[in-house]
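These notes concern the structure reproduced below.
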Amino acid sequence: YANDVDVEFSRKSIKVIGSIAVRIEAAAEKCVNALLELVKTKSYGPEEISQQDGGMKASHVVQEAVSVTKDIFRKYPNRFEAVIPILCDHMDQLDEPASKAALIWIVGEYAERIQDTKEILEQVFLETFKEE
């Protein structure tokens with residue numbers, strides 16, 4: 001359902017995956033793996049990102065997956081750290097304030113484990129911080 005053409009339905013499906021991970025510890029790893037697969041399969045390369053309203057529009061699946069992953073990290077600190085580089089690899093696709101805020105929280109919380117933290121924050125988030 002996360003890949004449904006109905007954007008709202010898809011977003012809700014991804015939120016449910018995150019909720020299951022947070023509420024049922026035994027299912028957390030499977031949920032995180034499912035979210036990672038969604039991020040990997042729904043990520044756009046530079047040539048695939050569609051242009052809308054003169055700006056880049058990222059996949060809603062990636063946006064929502066980053067947001068719910070933050071909640072999983074909050075519930076299970078230091079448990080799924082291997083996910084961080086994958087999320088950081090897709091940060092250039094985030095254009096919604098909620099998903100950007102989620103990744104900023106993740107980067108801040110795990111800064112000592114992420115290479116080039118300062119550059120990540122400056123490159124992706126500093127430019128639009130005031131507007132958002």
Side-chain angles (χ1 to χ4, degrees):
Y1 296 112
N3 291 319
D4 198 90
V5 293
D6 181 346
V7 173
E8 275 309 303
F9 188 71
S10 175
R11 284 184 181 271
K12 287 179 182 180
S13 298
I14 295 166
K15 286 179 183 177
V16 167
I17 294 170
S19 293
I20 291 169
V22 169
R23 294 177 187 189
I24 305 171
E25 186 172 356
E29 187 171 348
K30 284 185 179 183
C31 291
V32 169
N33 289 336
L35 291 168
L36 284 180
E37 283 304 309
L38 288 170
V39 167
K40 290 176 185 176
T41 59
K42 287 299 181 180
S43 297
Y44 297 124
E47 66 283 351
E48 297 170 309
I49 296 176
S50 64
Q51 296 289 327
Q52 292 184 359
D53 302 323
M56 290 188 176
K57 202 70 176 158
S59 167
H60 65 278
V61 172
V62 175
Q63 310 261 6
E64 204 62 54
V66 169
S67 295
V68 301
T69 302
K70 175 205 52 131
D71 296 332
I72 295 168
F73 282 149
R74 291 179 68 201
K75 174 73 175 189
Y76 308 108
N78 305 314
R79 184 161 166 201
F80 299 107
E81 293 177 15
V83 172
I84 297 169
I86 296 166
L87 297 179
C88 288
D89 286 346
H90 300 288
M91 68 184 166
D92 59 330
Q93 297 181 23
L94 304 179
D95 64 357
E96 296 175 2
S99 58
K100 284 184 175 184
L103 193 58
I104 288 171
W105 182 89
I106 292 167
V107 169
E109 195 68 23
Y110 295 93
E112 68 278 354
R113 296 172 190 94
I114 301 172
Q115 293 180 353
D116 305 323
T117 303
K118 183 178 177 185
E119 289 80 17
I120 290 170
L121 293 174
E122 287 176 351
Q123 279 181 350
V124 178
F125 303 114
L126 197 57
E127 293 177 12
T128 59
F129 183 75
K130 284 184 193 179
E131 293 97 35
E132 295 174 353

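Just the heavy atoms: all of them, side chains too, but no hydrogens, waters or symmetry mates, feed the values below.
- Heavy-atom neighbours of Glu29 CD from other residues, nucleotides or ligands within 6.0 Å: at or below the threshold of 12.
- Judged purely by atom type and a 3.5 angstrom limit, Thr117 uses its side chain to pair as donor or acceptor with the backbone of Ala111.
- Note that the OG atom of Ser67 and the NZ atom of Lys100 stand 12.5 Å from one another [nearest 0.5 Å].
- Residues Asp95 and Gln63 have side chains in contact (heavy-atom distance under 4.5 Å, counting atoms from C-beta outward).
- Partners of Arg23 under the side chain to side chain donor-acceptor pair (under 3.5 Å) rule, at least two apart in sequence or in another chain, do not exist in this structure.
- Atom CD of Glu81 and atom CD of Glu109 lie 10.5 Å apart (nearest 0.5 Å).
- In this structure, the side chains of Asn78 and Arg113 come closer than 4.5 Å at one or more pairs of heavy atoms.
- Contact check for Val68 versus Ile17: no side-chain heavy atoms found under the 4.5 Å cut-off.
- Nearest heavy-atom pair, Tyr76 versus Ala21, reported as atom, atom and distance to 0.1 Å: OH-O, 2.7 Å.
- Under a hydrophobic clustering in which Ile, Leu, Val, Met, Phe, Trp and Tyr are joined whenever their side-chain heavy atoms come within less than 4.5 Å, directly or via other members, Val16 and Val32 fall into different clusters.
- Annotation: the span from Glu64 atom CD to Thr69 atom OG1 amounts to 10.0 Å, rounded to 0.5 Å.
- Partner Ile106 forms a side-chain contact (heavy atoms from CB on, under 4.5 Å) with one of Met91, Lys70, Arg74 and no other, that one being Lys70.
- Placement of Ile20 and Leu35 in two distinct hydrophobic clusters is found when ILVMFWY residues are connected by side-chain heavy-atom separations under 4.5 Å, directly or transitively.
- At a threshold of 4.5 Å between non-hydrogen side-chain atoms, the residues Ile72 and Val22 count as touching.
- For the atom pair Arg11 CZ and Ile14 CD1, the distance stands at 8.0 Å (nearest 0.5 Å).
- Here Gln93 contributes atom CD and Leu103 contributes atom CG; the two are 11.5 Å apart, rounded to the nearest 0.5 Å.
- Contacts classified as ring pair (Phe, Tyr, Trp, His ring centres under 6.0 Å) and involving residues 92-119 (residues at least two apart or in different chains) are given here: Phe73-Tyr110.
- When all heavy atoms of Val66 and Ser99 are compared, the pair lying nearest together is CG1-O, 3.7 Å.
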